[in-house]
Amino acid sequence: MIPRLKPTIGLKEFLAAVQPPRKDDVMRFERSFAELMGQKYALAFPYGRTGLMFLLEALGLEGKEIICPAYTCVVVPHAIMYSSNKPVFIDCEADGFNMDLNIAEQAINEKTGAIIATSLFGYPVNLDQLYEIRKRHPHIFIIQDCAHSFAAKWNGKPVQKEGIAAIFGLNISKILNSIFGGMITTDNEDIYQKLKTIRDQKLNKPNWNKSFRRILYFLAVYPAFWGPVYGLINRMERSGLLNYFVRYYDESEIDMPVDYMEGMCGVEARVGKANIDRYEMIINNRRKVAKYYFKHLGDKSDFKLPPEIEGATYSHYVVQVADREKWLKRAIRRGIQLGWLIEYNIPEMVPYGQSKREDSPFAAYYARTTINLPTWGGAKLGSKIILKLHEPYF
Ligand SMILES: *Cc1c(COP(=O)(O)O)cnc(C)c1O
């Protein structure tokens, strides 16, 4: 079974995980991460969402409206709610997955505190347009959500630099991973100091129990993505047996993981730091496999291909199909697990249900039609998948 995602972890990460702990493990990871992103400061958190929640507090935002995409990871509005602010959802562009910045600008009023600009699926946010918005509304903070981007570039400019701060998610489904974890980067010393103070006051020090749980999880993940084992896992996942492990949100509630207030632990930081060295290779692989798909999927008329954009990092390669269920099932029979991200339009979800579907028609449409092809393995993986997709019956 070819898995829909696969963390790039190997012997290096394994050795880093079992190494004896050092007091400055987390700081060393932060320094390497800041350097990789070309930013002055980086601060580690147990999850990206915990970081976002504290960042809004560090920016002095409370009771504000925070503009964010309708089509993004649902943990983002959850973090906004947990920080005592209110999300305002904006539809996607007509010809891309990112938030429509024209609509976002229209939504600005005196209650607006920040705009969360997300480079969804690794497609860089339009920094020129964002710059214009910043000029016209200088009191509003721009936060870059780089959980899918990891240094996607708009006309050569890395997106994470163009705002007050950037957030990253680092679980095993992300471009880089530290088992779980999240990071905030910034060039602003004042924000860095405030955020660090809040974090160090509010987060519990990770204890042995957490480190132990993380090591166990890592040891389980390590072999899990190996083809034959993954086939079994996939069957368990589909039968609902694995829901406990793969579920990252609850449709009906605004909630956080039980350990969202326990700081990042040393083992996570060591794995993350080891993973950083693979960044170039990981991004190159993703660009190569995307290029391969663009070239060879063009003749599959069932698929509407995504935009091809220079500087994108392709956390996901997302095509649109009329009948998603059918494609997911067909692919499984061919030994390929396709993803179905992002399968919801947040304003339609129960806890945010005050909005109507018509408010974000593009997000609603994408939520029903997108499937993602695996991007973790370079052109070789691409050719294998294309071959299978072209087998008769497809
Ligand atoms: C993963 C992700 C985050 C952060 O997720 P955590 O699980 O809290 O680390 C934020 N935004 C987007 C778009 C994501 O995909």
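Whatever order the structure lists them in is the order used to number ligands and atoms, beginning at 1. Just the heavy atoms: all of them, side chains too, but no hydrogens, waters or symmetry mates, feed the values below.
- Scanning the protein heavy atoms around atom 9 (O) of ligand 1, the nearest turns out to be Gly48 N, 2.7 Å.
- Ligand-side atoms of ligand 1 in range of Val76: 10 (C), 11 (N), range being under 4.0 angstrom from any heavy atom.
- Residues Tyr47 and Tyr260 keep their aromatic ring centres 6.0 Å or farther apart.
- Residues passing the side-chain contact (heavy atoms from CB on, under 4.5 Å) test with Ile133 are Leu101, Glu105, Ile108, Ile115, His137, sequence neighbours excluded.
- Residue contacts with ligand 1 do not include Ala79, since none of its heavy atoms lies under 4.0 Å from the ligand.
- Compare His148, Met256, Arg49 by their heavy atoms: the one nearest to atom 8 (O) of ligand 1 is in Arg49.
- The aromatic rings of Tyr366 and Tyr71 are tilted relative to each other, their planes meeting at an angle between 30° and 60°.
- With a 4.0 Å heavy-atom cut-off, ligand 1 is reached by no atom of Thr50.
- With 3.5 Å as the limit, one finds a donor-acceptor pair spanning the side chains of Thr375 and Arg286.
- Of all atoms in ligand 1, listed by their number and element, those nearer than 4.0 Å to a heavy atom of Gly169 are 9 (O).
- Less than 6.0 angstrom separates the ring centroid of Phe168 from the ring centroid of Phe33.
- Of all protein heavy atoms, the one closest to atom 5 (O) of ligand 1 is Val75 CG2, 3.7 Å.
- Side-chain contact check for Glu30 and Tyr41: no donor-acceptor pair (N or O, by modelled atom type) lies under 3.5 Å.
- Classified by interplanar angle (parallel below 30°, tilted 30° to 60°, perpendicular above 60°), the ring pair Tyr123/Tyr314 is perpendicular.
- Near Thr72, the atoms of ligand 1 lying under 4.0 angstrom from a non-hydrogen atom of the residue are 13 (C).
- Set against the non-hydrogen atoms of Asn171, the atoms of ligand 1 under 4.0 Å away are 7 (O).
- Between the side chains of Asn188 and Thr186, no donor-acceptor pair is found at a separation under 3.5 Å.
- At the top of the distance list for atom 14 (C) of ligand 1, counting protein heavy atoms only, stands Lys174 NZ, 3.0 Å.
- Comparing Gly181, Ala147, Ser149 by heavy-atom distance to atom 12 (C) of ligand 1, the nearest is Ala147.
- The option from Leu52, Asp145, Ile342 that lies nearest to atom 11 (N) of ligand 1, judged by heavy atoms, is Asp145.
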